[in-house]
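Here's the structure we're looking at; comments come further down.
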2 protein chains.
Amino acid sequence: MNELNTYREKIVNAGLKVTNQRVLILSILEHISHPSADDILQEFRNRNRNVSIGTVYNTLEAFVEKRLIRKLETEGGVVRYELTPDSHFHLYSREDERVEDYFDDELLALIRDHIESKGIKDFTVDEIRLQFIGSFTDK
Amino acid sequence: MNELNTYREKIVNAGLKVTNQRVLILSILEHISHPSADDILQEFRNRNRNVSIGTVYNTLEAFVEKRLIRKLETEGGVVRYELTPDSHFHLYSREDERVEDYFDDELLALIRDHIESKGIKDFTVDEIRLQFIGSFTDK
DNA sequence: ATTGCTGCAAACTCTTTGCAAGTTC
DNA sequence: GAACTTGCAAAGAGTTTGCAGCAAT
């Protein structure tokens, strides 16, 4: 229950009205990794809860605007979402749709320092995104 | 004319048949920055040359498979393409659809070295992609 | 001659939008 | 009760596919 209140808080703090759909969408974003809008719709069905696909998109878009979550663009052309992360990067498989998080604060600091000391002409950096494309060697 | 022959060569070397459409598409990729499929179609029209949108997509997909070009996923959901680059990064505007190249070999080396020395568990890196999201301060 | 490519149109997928009814604050 | 949100359905944008005819090797 405590968890649910955290979601409500986040939504209130973002200046949005709290609805069941929004709380559940936030919750799903916490429990499924990088879901697409359709993944979220399916998860509502799995839990016997109702939502329309339009609402899912509307809500996700509202969350993105409020910076509660962010979009990931993928090779497959489907947009995926994730809770706004403590900085991390992404590993993309060349072979399939797999996406994994990769945490490396050291690397992030390295890039940040480099950019800060050097600067980019005519550009102010707001966010750093880094992806590694390659092959997963586990399983 | 020499330029055109270079395009033909690239296509032959990729094991694809040389057609006027393909040569022109390669040429457009060289002269327009990060075009979408539709940008390419428009450019054919500008030059009074004919192509169908299906062919544009087929060709781009063939080129991507042969690694002649690569896809860029953008916030807007439209896929853009570019000639397979000497490594560089991308600057994305938070406000509009603008995308610029950013060259920084030093930074690339930094990231590469870091990854090589440290390694990523269960993952082999094939390609590094880095984007900076922020604001253009020129103009 | 064989294989691959083009053009066209139809189909598909993902996402957005308009609006009436319902909810939240 | 004012403002916002939902659900639904329809529309829109971008991309993919099937196939007959044509072109490249």
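Proteins come first, then strands; the chains are lettered A, B, ... in the order of their sequence lines, and each starts at number 1.
- Residues Tyr92(A) and Arg129(B) form no side-chain contact, since every pair of their non-hydrogen atoms from C-beta on lies 4.5 Å or further apart.
- Note: CD1 (Ile40(A)) to P (dT15(C)) measures 11 Å, nearest angstrom.
- A pairwise comparison of heavy atoms in Leu108(B) and Ser87(B) identifies CD2-CB, 3.1 Å as the closest pair.
- Across every non-hydrogen atom of Phe103(B) and Asp86(B), the tightest pair is CE2-O, 4.5 Å.
- Atom CZ in Arg22(A) sits about 9 Å away from atom C1' in dT6(D), given to the nearest Å.
- Residues of residues 44-53 of chain B having a heavy atom closer than 4.0 Å to DNA chain C, listed by number: Asn50(B), Val51(B), Ser52(B).
- With sequence neighbours excluded, no residue satisfies side-chain contact (heavy atoms from CB on, under 4.5 Å) with Lys121(B).
- Distance CG (Leu24(B)) to P (dA23(D)): 18 Å, rounded to an integer number of Å.
- Here the closest heavy-atom approach between residue Phe63(A) and residue Arg22(A) is recorded as CZ-O, 3.8 Å.
- Judged purely by distance below 3.5 Å, without hydrogens or angles, the side chains of Asn46(B) and Glu43(B) pair a donor atom with an acceptor atom.
- Side chain of Thr84(A) to main chain of Arg67(A): a donor-acceptor pair is present (N/O by atom type, distance under 3.5 Å, no hydrogens or angles).
- The distance between atom CD of Gln21(B) and atom C1' of dG21(D), rounded to the nearest whole Å, is 14 Å.
- Atom-to-atom, CG of Asp39(A) to C1' of dT13(C) comes out at 14 Å; the value is rounded to the nearest Å.
- The nearest whole Å value for the distance from the CG atom in Leu41(A) to the C1' atom in dG7(D) is 12 Å.
- Between Arg49(A) and Val51(A) the shortest side-chain heavy-atom distance does not fall below 4.5 Å.
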Protein-nucleotides 21-25 of chain C N/O pairs closer than 3.5 Å?
from: dT24(C); atom 1: O2; to: Lys17(A); atom 2: NZ; distance (Å): 3.3
from: dC25(C); atom 1: OP1; to: Val18(A); atom 2: N; distance (Å): 3.3

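- For the contact set between residues 58-67 of chain A and DNA chain D, defined by any heavy atom under 4.0 Å, the members are Thr59(A).
- Note on ring orientation: taking the six-membered ring where Trp is involved, the planes of Phe132(A) and Phe89(A) are perpendicular (angle over 60°, cut-offs 30° and 60°).
- Relative ring orientation between Phe136(A) and Phe123(B) is described as perpendicular, the plane-to-plane angle rising above 60° on a 0-90° scale split at 30° and 60°.
- Atom CD1 of Ile11(A) is separated from atom C1' of dT6(D) by 14 Å (rounded to the nearest Å).
- Direction of the helix axis in the helix from dA1(C)-dT25(D) to dC25(C)-dG1(D) shifts by 50° between the two five-pair termini, rounded to 10°.
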Which protein N or O atoms sit under 3.5 Å from an N or O of nucleotides 11-14 of chain D?
none

